[in-house]
Amino acid sequence: MRRQLNAIKREQFPWMLDVTKCAPHMAIMQLGRAFENFFAGPARYPTCRRKGVDDRVTISNDQFKVDGKRLRILKLGWVRMREALRFTGRVVSACLSRTADHWYASITVDCPDPPLPPAENQGAVGVDLGITRLATLSTGETIEGPKALKRMLNKMRRLSRALSRKVKGSANRAKAALKLARLHERITHLRRAGLHQLTSSLARRFHTIGIEDLNIKGMLRNRKLARSIADMGWSEFRRQIVYKAAWHGSQVIMVDCWYPSSKTCSACGHVLEALALAQRSWTCPGCGAAHDRDVNAAVDLMHMAVSSTVTA
């Protein structure tokens, strides 16, 4: 497809010469990757990209140059950056993307991994994720989480209604859409910042981290809990904790999602027959220990992580 496009673009698509050659070439390569994922099974059939939705382009290292806080892009010229490149090495490529009215450059640099301090020896920890609190640790610590969507839901609804009232194609509709996009971007940044703070702290402090292997995609089908689960960012938490633990030499143990961590007494191992979701504390009928539901689940996850490590 690339060879065929190069043969006809000067006559049939002369406007392509006004932009970098990487734009159509990378689009064809990404289309091929999308079809490979589709035929492999996990992905859906590729669909056409829409202008104004997730705008981005990847350019190779011969199409741009980095000089301090400046980025020179072929056919475009010098563009100011908010910060200088923090890594030294061979620059491989750059991905330019737009979110709301902000443009970002994600530059790939081939460099040796920087040495990071190993995890502190604070033992193992279990992490129980929740919807009222982001996480409860087996140490008894609780992390509330930013709850960015919940805090800004009324403003989002107001901006969404204002957008729906504007005439399609008008300048006022474009302004209203930009305001809504900025709010979505702020919510994303607040949620991601809270998750980065939590995952960095866990990976730096504990050498063994036990978390539940939740079926998050299936849980999002629950219309009563889906918004709260998505607002907490459980999938992003799992992604971050896995790679940050590898950085610090610690390990993440995934506990089976069917393990009854909330119903199992962390003191004697007694398992309740039933425990309602609204019941936040309970007393073990076997040993009489009083448990906070989330703390008990986190302790059980910690025990499972330690036992899995010893067995392995």
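In this text, all values refer to a predicted model and were calculated from it rather than measured experimentally.
Connection of Val127 to Val255 is not established within any shared hydrophobic cluster, with ILVMFWY side chains joined at heavy-atom distances below 4.5 Å, either directly or through further cluster members. Linking ILVMFWY residues whenever their side-chain heavy atoms come closer than 4.5 Å, directly or via other members, leaves Val271 and Met304 in distinct clusters. A chain of hydrophobic side-chain contacts below 4.5 Å, direct or via other Ile, Leu, Val, Met, Phe, Trp or Tyr residues, connects Met1 to Leu5. In terms of hydrophobic clustering, with Ile, Leu, Val, Met, Phe, Trp and Tyr side chains grouped at heavy-atom distances under 4.5 Å, Ile59 and Trp15 are assigned to different clusters. Met254 and Val306 fall into different hydrophobic clusters, where Ile, Leu, Val, Met, Phe, Trp and Tyr are joined by side-chain heavy atoms under 4.5 Å apart, directly or via other members.
A 4.5 Å side-chain heavy-atom check between Lys175 and Lys179 finds every atom pair outside the cut-off. For the pair Thr142 and Thr136, the minimum side-chain heavy-atom distance is below 4.5 Å. No side-chain heavy atom of Leu76 sits under 4.5 Å from any side-chain heavy atom of Phe64. For the pair Leu96/Ile73, a side-chain contact is recorded, criterion being any heavy-atom separation below 4.5 Å from C-beta on. Looking at Val66 and Met81, their side chains come closer than 4.5 Å, going by heavy atoms from C-beta outward. Looking only at side-chain heavy atoms (C-beta outward), Lys21 and Leu74 stay at 4.5 Å or farther from each other. A heavy-atom distance below 4.5 Å is found between the side chains of Gln240 and Arg192. Proximity of Lys244 to His196: side-chain heavy atoms (C-beta onward) are separated by under 4.5 Å at one or more points.
Enclosure of atom CD in Glu11 by more than 12 non-hydrogen atoms of other residues, nucleotides or ligands within 6.0 angstrom is indicated. At most 12 non-hydrogen atoms from other residues, nucleotides or ligands lie less than 6.0 angstrom from CH2 of Trp258. Counting heavy atoms of neighbouring residues, nucleotides and ligands inside a 6.0 Å radius, atom CZ of Arg239 exceeds 12 of them.
Side-chain atoms of Ser60 and Asp62 include a donor-acceptor pair closer than 3.5 Å.
Although no hydrogens or angles enter the test, the distance criterion places no donor-acceptor pair under 3.5 Å between the side chain of Asp55 and the main chain of Lys51. Thr264 contributes no side-chain N or O that, together with a main-chain N or O of Ser261, makes up a donor-acceptor pair within less than 3.5 Å. When atom types are taken as modelled, the side chain of Ser138 and the backbone of Gly126 share a donor-acceptor pair closer than 3.5 angstrom. At distances below 3.5 Å, at least one donor-acceptor pair connects side-chain atoms of Thr188 with backbone N or O atoms of His184.
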**OP:** Start with the C-alpha distance between Arg56 and Arg49, add both sets of side-chain angles, then the distance that settles side chain to side chain contact (heavy atoms under 4.5 Å, CB included), and finish with yes or no.
**Re:** CA-CA 10 Å; Arg56 63 181 180 270; Arg49 297 288 302 275; 3.7 Å; yes
**OP:** Kindly determine whether Ile131 and Trp234 satisfy side chain to side chain contact (heavy atoms under 4.5 Å, CB included), including the steps that lead there.
**Re:** CA-CA 10 Å; Ile131 56 177; Trp234 290 356; 3.8 Å; yes
**OP:** Run the numbers on Thr58 and Gln30 for side chain to side chain contact (heavy atoms under 4.5 Å, CB included), then give the verdict.
**Re:** CA-CA 10 Å; Thr58 301; Gln30 291 167 358; 3.8 Å; yes
Original post:
side chain to side chain contact (heavy atoms under 4.5 Å, CB included) between Phe237 and Ile216: does it pass, once the steps are laid out?
Top reply: CA-CA 12 Å; Phe237 169 85; Ile216 301 175; over 6 Å; no
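Under 4.0 Å is where a charged nitrogen must lie from a carboxylate oxygen, and between Arg133 and Asp128 no such pair does. Ionic pairing of Arg182 and Glu185 is not present here: no N-O contact between side-chain nitrogen and carboxylate oxygen is shorter than 4.0 angstrom. A salt bridge links Asp213 and Arg238; the closest N-O separation between the charged side-chain nitrogens and carboxylate oxygens is under 4.0 Å.
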Listed pairs under 3.5 Å, donor-acceptor, residues 217-231 side chains, sequence neighbours left out:
unit_1	atom_1	unit_2	atom_2	d
Asn222	OD1	Lys224	N	3.0
Asp231	OD1	Leu149	N	3.0
Asp231	OD1	Arg191	NH2	3.3
Asp231	OD2	Lys150	N	3.2

Under 3.5 Å, sequence neighbours excluded: what are the donor-acceptor pairs made by side chains of residues 151-159?
unit_1	atom_1	unit_2	atom_2	d
Arg151	NH1	Pro146	O	3.3

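Residues Glu83 and Lys69 approach most closely at C-CG, 4.0 Å, considering heavy atoms. Here the closest non-hydrogen pair linking Arg44 and Phe38 is C-CD1, 3.4 Å. Of all heavy-atom pairs spanning Asn296 and Ser262, the tightest one is ND2-O, 3.4 Å. Closest of all the heavy-atom pairs between Trp78 and Arg70 is CE3-CB, 3.6 Å. The nearest pair of heavy atoms linking Lys166 to Arg173 is O-NH1, 3.4 Å. Across all non-hydrogen atoms, the minimal contact from Ala203 to Ser250 is O-OG, 3.7 Å.
Summarising the geometry, atom CZ belonging to Arg293 is positioned 5.0 Å from atom CZ belonging to Arg280; distances are rounded to the nearest 0.5 Å. Atom NE2 of His270 sits about 10.5 Å away from atom NZ of Lys263, to the nearest 0.5 Å. Here the CZ atom belonging to Phe87 is positioned 11.0 Å from the OG1 atom belonging to Thr108, to the nearest 0.5 angstrom. The CD atom of Gln63 lies 11.5 Å from the CE atom of Met26; values are rounded to the nearest 0.5 Å. To the nearest 0.5 Å, atom CG of residue Leu301 and atom CG of residue Leu129 are 9.0 Å apart. Between atom NE2 of residue His102 and atom NE2 of residue His189 there is a gap of 8.5 Å, rounded to the nearest 0.5 Å.
The aromatic rings of Trp282 and His291 sit tilted, their planes meeting at an angle between 30° and 60°. The aromatic rings of Phe39 and Phe35 lie parallel to each other, their planes meeting at an angle below 30°, with 60° marking the opposite boundary.
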